[in-house]
Amino acid sequence: MKKVLATIGLFSSVLFFAQKSENYLQVGYASVCCGTPSDKPVMDYLAQFKNKNRVKNLEIYQQTGRGREGEYNLYIGTDGLSRTQKSAFIKGLKATVISQNKTRKSESTGLVNFDENESVKKADLMNARNVTLISTNKIIKTK
(Lines give C-alpha, C1' and ligand atoms only; values in the text may rest on other atoms or scores of the structure.)
Protein backbone atom coordinates (compact mmCIF):
# COMPACT_ATOMS: atom_id res chain seq x y z
CA MET A 1 0.00 0.00 0.00
CA LYS A 2 2.87 2.38 0.78
CA LYS A 3 4.42 1.69 -2.61
CA VAL A 4 1.16 2.50 -4.35
CA LEU A 5 0.82 5.80 -2.49
CA ALA A 6 4.47 6.64 -3.17
CA THR A 7 4.00 5.91 -6.88
CA ILE A 8 0.85 8.03 -7.06
CA GLY A 9 2.64 10.84 -5.21
CA LEU A 10 5.60 10.65 -7.60
CA PHE A 11 3.44 10.82 -10.72
CA SER A 12 1.32 13.61 -9.26
CA SER A 13 4.38 15.71 -8.51
CA VAL A 14 5.77 15.12 -12.01
CA LEU A 15 2.53 16.39 -13.54
CA PHE A 16 2.36 19.29 -11.11
CA PHE A 17 5.92 20.46 -11.76
CA ALA A 18 5.88 19.95 -15.54
CA GLN A 19 6.67 23.10 -17.49
CA LYS A 20 3.59 25.22 -17.37
CA SER A 21 4.07 28.91 -17.76
CA GLU A 22 2.09 31.40 -15.72
CA ASN A 23 3.03 34.46 -17.80
CA TYR A 24 2.48 34.78 -21.53
CA LEU A 25 3.30 37.35 -24.19
CA GLN A 26 0.47 38.11 -26.59
CA VAL A 27 0.91 38.44 -30.35
CA GLY A 28 -2.29 39.52 -32.09
CA TYR A 29 -3.19 39.06 -35.74
CA ALA A 30 -5.71 41.67 -36.90
CA SER A 31 -7.47 42.14 -40.20
CA VAL A 32 -8.10 45.45 -41.95
CA CYS A 33 -10.41 44.12 -44.66
CA CYS A 34 -8.94 41.11 -46.38
CA GLY A 35 -7.88 38.62 -43.71
CA THR A 36 -5.03 38.32 -41.28
CA PRO A 37 -1.33 38.31 -42.12
CA SER A 38 0.68 35.10 -42.05
CA ASP A 39 2.11 33.86 -38.77
CA LYS A 40 5.08 32.34 -40.63
CA PRO A 41 7.62 35.08 -39.71
CA VAL A 42 6.80 34.79 -35.99
CA MET A 43 6.79 30.98 -36.09
CA ASP A 44 10.12 30.99 -37.94
CA TYR A 45 11.54 33.31 -35.27
CA LEU A 46 10.29 30.99 -32.50
CA ALA A 47 11.96 28.01 -34.19
CA GLN A 48 15.19 29.93 -34.68
CA PHE A 49 15.23 31.18 -31.09
CA LYS A 50 14.49 27.74 -29.69
CA ASN A 51 17.26 26.08 -31.67
CA LYS A 52 19.83 28.84 -31.14
CA ASN A 53 19.28 29.09 -27.38
CA ARG A 54 18.67 25.37 -26.80
CA VAL A 55 15.28 25.98 -25.23
CA LYS A 56 13.64 22.63 -24.64
CA ASN A 57 10.04 23.73 -24.85
CA LEU A 58 8.04 26.82 -25.68
CA GLU A 59 4.47 26.72 -24.44
CA ILE A 60 2.31 28.36 -27.10
CA TYR A 61 -1.45 28.77 -27.12
CA GLN A 62 -3.65 30.03 -29.94
CA GLN A 63 -6.97 31.78 -29.45
CA THR A 64 -9.16 31.74 -32.55
CA GLY A 65 -12.54 33.25 -33.31
CA ARG A 66 -11.65 36.81 -32.36
CA GLY A 67 -13.39 38.39 -35.37
CA ARG A 68 -15.23 37.82 -38.63
CA GLU A 69 -12.12 37.69 -40.78
CA GLY A 70 -10.16 35.10 -38.82
CA GLU A 71 -8.44 37.34 -36.25
CA TYR A 72 -6.53 35.39 -33.62
CA ASN A 73 -3.92 35.70 -30.88
CA LEU A 74 -0.85 33.67 -30.02
CA TYR A 75 0.23 33.42 -26.37
CA ILE A 76 3.85 32.47 -25.75
CA GLY A 77 4.94 31.27 -22.30
CA THR A 78 8.06 32.96 -20.97
CA ASP A 79 8.54 31.37 -17.54
CA GLY A 80 10.90 28.72 -18.95
CA LEU A 81 13.36 31.36 -20.14
CA SER A 82 16.17 32.89 -18.11
CA ARG A 83 16.19 36.65 -17.61
CA THR A 84 18.73 37.22 -20.40
CA GLN A 85 16.94 34.79 -22.73
CA LYS A 86 13.63 36.53 -22.09
CA SER A 87 15.14 39.93 -22.84
CA ALA A 88 16.70 38.68 -26.09
CA PHE A 89 13.48 36.85 -26.99
CA ILE A 90 11.33 39.95 -26.57
CA LYS A 91 13.78 42.10 -28.51
CA GLY A 92 13.85 39.64 -31.42
CA LEU A 93 10.09 39.10 -31.40
CA LYS A 94 9.50 42.85 -31.46
CA ALA A 95 11.91 43.24 -34.41
CA THR A 96 10.16 40.41 -36.27
CA VAL A 97 6.72 41.98 -35.81
CA ILE A 98 7.95 45.44 -36.84
CA SER A 99 9.63 43.98 -39.93
CA GLN A 100 6.50 42.06 -40.90
CA ASN A 101 4.32 45.14 -40.53
CA LYS A 102 6.72 47.26 -42.63
CA THR A 103 6.75 44.75 -45.48
CA ARG A 104 3.00 44.31 -45.80
CA LYS A 105 1.80 44.68 -49.37
CA SER A 106 -1.01 47.21 -49.00
CA GLU A 107 -3.03 49.19 -46.51
CA SER A 108 -5.76 46.56 -46.71
CA THR A 109 -3.48 43.82 -45.42
CA GLY A 110 -3.83 43.02 -41.74
CA LEU A 111 -1.41 43.92 -38.95
CA VAL A 112 0.51 42.00 -36.33
CA ASN A 113 0.27 43.53 -32.85
CA PHE A 114 2.75 43.01 -30.03
CA ASP A 115 3.21 44.97 -26.80
CA GLU A 116 6.24 43.84 -24.85
CA ASN A 117 4.87 45.34 -21.64
CA GLU A 118 1.58 43.46 -21.81
CA SER A 119 1.56 40.09 -20.09
CA VAL A 120 -1.34 37.65 -19.86
CA LYS A 121 -1.74 35.37 -16.84
CA LYS A 122 -2.50 31.66 -17.14
CA ALA A 123 -5.78 32.01 -15.21
CA ASP A 124 -7.04 34.65 -17.66
CA LEU A 125 -5.98 32.53 -20.60
CA MET A 126 -7.75 29.43 -19.30
CA ASN A 127 -11.00 31.39 -18.80
CA ALA A 128 -10.97 32.67 -22.39
CA ARG A 129 -12.88 30.97 -25.22
CA ASN A 130 -11.39 29.06 -28.16
CA VAL A 131 -7.91 28.65 -26.66
CA THR A 132 -5.89 25.61 -27.69
CA LEU A 133 -2.35 24.49 -26.99
CA ILE A 134 -0.24 24.36 -30.13
CA SER A 135 2.12 21.42 -30.24
CA THR A 136 5.68 22.70 -30.37
CA ASN A 137 6.60 19.71 -32.52
CA LYS A 138 4.49 21.15 -35.37
CA ILE A 139 6.04 24.57 -35.06
CA ILE A 140 9.65 23.95 -34.24
CA LYS A 141 11.50 22.04 -36.94
CA THR A 142 15.19 21.39 -36.57
CA LYS A 143 17.42 21.26 -39.63
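Along the sequence shown, the residues carry numbers beginning at 1. Just the heavy atoms: all of them, side chains too, but no hydrogens, waters or symmetry mates, feed the values below.
- The distance from atom CD of Gln85 to atom NZ of Lys52, rounded to the nearest 0.5 Å, is 11.5 Å.
- Within the 4.5 Å cutoff, no side-chain heavy atoms of Val55 are placed close to those of Phe89.
- Pairing each heavy atom of Ala30 with each of Glu71, the nearest pair is CA-CG, 3.9 Å.
- In terms of heavy-atom proximity, Pro41 sits nearest to Thr96 at O-CG2, 3.6 Å.
- Side-chain atoms of Val27 and Asn73, non-hydrogen and from C-beta on, never get closer than 4.5 Å to each other.
- Residues Leu74 and Gln26 are not in side-chain contact: their nearest non-hydrogen atoms beyond the backbone lie 4.5 Å or more apart.
- Residues Val42 and Leu93 meet the side-chain proximity criterion, which asks for heavy atoms closer than 4.5 Å.
- Under the side chain to side chain contact (heavy atoms under 4.5 Å, CB included) test applied with Pro37, the options Thr103, Val112, Val32 reduce to a single match, Val112.
- What you find for Leu81 and Leu58 is that their closest heavy atoms are CD2-CD2, 4.4 Å.
- Taking a cutoff of 4.0 Å between a charged side-chain nitrogen and a carboxylate oxygen, Glu22 and Lys122 do not qualify as a salt bridge.
- A donor-acceptor contact shorter than 3.5 Å links the side chain of Asp79 to the backbone of Asn23.
- Going from atom CG of Asn53 over to atom OG1 of Thr84 covers 8.5 Å, rounded to the nearest 0.5 Å.
- Contact between Ile60 and Leu133 at its shortest, heavy atoms only, is O-CD1, 3.3 Å.
- Tyr75 has its side chain out of reach of Ile134: every pair of non-hydrogen atoms, C-beta onward, lies at least 4.5 Å apart.
- The line from OG of Ser38 to CD of Gln100 is 6.5 Å long, rounded to the nearest 0.5 Å.
- Annotation: the span from Asn51 atom CG to Leu46 atom CG amounts to 11.0 Å, rounded to 0.5 Å.
- Contact check for Tyr72 versus Gln63: no side-chain heavy atoms found under the 4.5 Å cut-off.
- You'll find the side chain of Leu25 reaches within 4.5 Å of the side chain of Ile90, heavy atoms only.
- The minimum heavy-atom distance between Asn101 and Arg104, with the atom names listed, is O-CG, 3.2 Å.
- Judged by distance alone, the side chains of Lys50 and Tyr45 never bring a donor and an acceptor atom under 3.5 Å apart.
- For the pair Met126/Tyr61, a side-chain contact is recorded, criterion being any heavy-atom separation below 4.5 Å from C-beta on.
- For the residue pair Tyr24/Glu59, the side-chain donor-acceptor check at 3.5 Å is satisfied.
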